[in-house]
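For reference, the structure is listed below as structure tokens.
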Amino acid sequence: MILELDCGNSFIKWRVLGADVRKVIGEGIVDSDLALLEGLKGLEGLSLAHCRLVSVRTAEETEALISLLEGAFGVSVMCAAPAREMAGVRNGYEDFERLGLDRWLAMLGGFHLASGPCLVLDFGTAVTADFIDGDGGHLGGFICPGMPLMRNQLRTHTRRIRYGDLAAERALESLVPGRTTVEAVERGCSLMLRGFVLTQLELARRYWGENYSVFLTGGDAGLVSEIVPEAKVVPDLVFVGLAMACPLS
Ligand SMILES: Nc1ncnc2c1ncn2[C@@H]1O[C@H](COP(=O)(O)OP(=O)(O)O)[C@@H](O)[C@H]1O
Ligand SMILES: CC(C)(COP(=O)(O)O)[C@@H](O)C(=O)NCCC(=O)O
Ligand SMILES: [K+]
């Protein structure tokens, strides 16, 4: 079995693949290392032969997680590392090591699935957009605050914006002008995301006309998917790239 981990700024996404790697034996989204261990220990018959991981956390946090996993399961952990070029994609950053590894892997996955020009949009703590040309050249990208950051900035820096998670979820059932604070904020932030997405699509059209693929990934991809009907929603896009960057043989 193979354990795959995507350690983002807010959550760790994990899954366990079987001997037939097309079979997902278990998966989850957790907010701490300990919750990850608990989730894994809850899997019956778990026997890990390999583990591969991508992290955008600090080296210290990532190393702590790796020792925890090595101690608990006796596996060695393979980590995705920055590269100038991989699987036909050329990193477009001036300093290739500075490009977020989750972005890099999602790009590898997207270009592999599209075999052509593509726009990769990831909706996590931050929202990122990356443009990959038909020849695999990364043209660059954009980073802006994601839904959790936008709403928390408003909650933190104003005195009268306070509401709970359940109300937030309900508020997003519609996008008409809000009549309560929670509706006004949640829908306002959701429209900011949609505006960002529409601008990215415009830029993609300027580069490639109609001849390009769009991929949506990250926990909040569902907030924008209806305005991009042509997009492929691929929740495990980072894992697709992770398998390419950390092959087992
Ligand atoms: N099952 C889930 N658990 C936690 N967050 C989720 C879940 N499904 C969707 N989300 C949304 O995903 C967002 C986090 O996205 P994610 O891609 O995990 O971020 P990051 O990679 O930065 O940790 C949260 O704002 C939350 O609204
Ligand atoms: C942009 C990010 C914060 C996104 O992280 P996420 O929202 O997925 O947790 C991450 O990819 C990162 O730390 N990147 C390094 C900076 C850069 O890509 O330029
Ligand atoms: K992420």
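Please read these numbers as outputs of a predicted model, since none were measured by experiment. Remember, it's 1-based here, ligands and their atoms both numbered in the order they're listed. Basis for what follows: all heavy atoms, side chains included, without hydrogens, waters or symmetry-related copies.
- Within 6.0 Å of CD in Glu169 there are 12 or fewer heavy atoms belonging to other residues, nucleotides or ligands.
- Atoms of ligand 2 found under 4.0 Å from any heavy atom of Arg98, numbered from 1 in the order shown, are 15 (C), 16 (C), 17 (C), 18 (O), 19 (O).
- Within 6.0 Å of CE on Met78 lie more than 12 heavy atoms contributed by other residues, nucleotides or ligands.
- Residue contact check: Arg103 has heavy atoms under 4.0 Å from atoms 11 (O), 17 (C), 18 (O), 19 (O) of ligand 2.
- The shortest heavy-atom distance from Leu99 to ligand 2 is under 4.0 Å.
- A salt bridge is absent between Arg90 and Glu85; no separation between the charged side-chain nitrogens and carboxylate oxygens falls under 4.0 Å.
- Residue Thr125 touches ligand 2 through backbone and side chain together, judged by heavy-atom distances below 4.0 Å.
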Can you check side-chain contact (heavy atoms from CB on, under 4.5 Å) on Leu172 and Ser190, steps first, answer last?
CA-CA 8 Å; Leu172 281 173; Ser190 185; 3.8 Å; yes
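- Using bins of under 30°, 30° to 60° and over 60° for the plane-to-plane angle, the ring pair Trp208/Phe131 lands in the tilted bin.
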Quick one: do Tyr93 and Arg103 satisfy side chain to side chain donor-acceptor pair (under 3.5 Å)? Show the steps, please.
CA-CA 12 Å; Tyr93 258 30; Arg103 295 172 64 191; 2.8 Å; yes
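- Between Lys13 and Asp236 there is no salt bridge, since none of the side-chain N atoms of the basic residue sits less than 4.0 Å from a carboxylate O of the acidic one.
- Annotation: cation-pi pair Arg155/Tyr163 present, NZ/CZ under 6.0 Å from the ring centroid and within 45° of its normal.
- The pair Lys23-Asp20 does not count as a salt bridge, with every side-chain nitrogen at least 4.0 angstrom from each carboxylate oxygen.
- Atom 13 (O) of ligand 2 has Val56 CB, 4.3 Å as its closest protein atom, hydrogens excluded (heavy atom only).
- In the hydrophobic cluster analysis, where Ile, Leu, Val, Met, Phe, Trp and Tyr join through side-chain heavy atoms closer than 4.5 angstrom, Phe196 is grouped together with Leu119.
- For Arg179, the CZ atom counts as loosely surrounded, since its 6.0 Å shell holds 12 or fewer non-hydrogen atoms of other residues, nucleotides or ligands.
- Ranking the protein heavy atoms by distance from atom 19 (O) of ligand 2 puts Tyr93 OH, 2.6 Å first.
- Under a 4.0 Å criterion applied to the non-hydrogen atoms of Asn9, ligand 2 contributes the atoms 3 (C), 5 (O), 6 (P), 9 (O).
- Under the 4.5 Å side-chain contact rule for hydrophobic residues, Leu34 and Leu40 do not share a cluster.
- Here Met150 contributes atom CE and Cys189 contributes atom SG; the two are 5.0 Å apart, rounded to the nearest 0.5 Å.
- Taking a heavy-atom cut-off of under 4.0 Å, ligand 1 is surrounded by Gly8, Asn9, Ser10, Phe11, Lys13, Ile29, Phe123, Gly124, Thr125, Pro148, Gly218, Gly219, Asp220.
- By the 3.5 Å distance cut-off applied to N or O atoms, Thr128 is not counted among the residues near ligand 2.
- The heavy atom nearest to atom 11 (O) of ligand 2, considering only Asp6, Asp122, Asp102, is found in Asp102.
- Taking a cut-off of under 4.0 Å to the non-hydrogen atoms of Ala126, the atoms of ligand 2 that pass are 4 (C), 7 (O).
- Within 6.0 Å of atom CD in Glu226, 12 or fewer heavy atoms from other residues, nucleotides or ligands are found, so the atom counts as exposed in its surroundings.
- Take the K ion (ligand 3) and draw a sphere of radius 3.4 Å; the protein N/O/S atoms inside it number 1.
- Ligand 2 has an N or O atom lying under 3.5 Å from an N or O atom of Gly100, backbone or side chain.
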Given Glu61 and Thr58, is the side chain to side chain donor-acceptor pair (under 3.5 Å) satisfied, shown in steps?
CA-CA 5 Å; Glu61 287 171 290; Thr58 64; 2.9 Å; yes
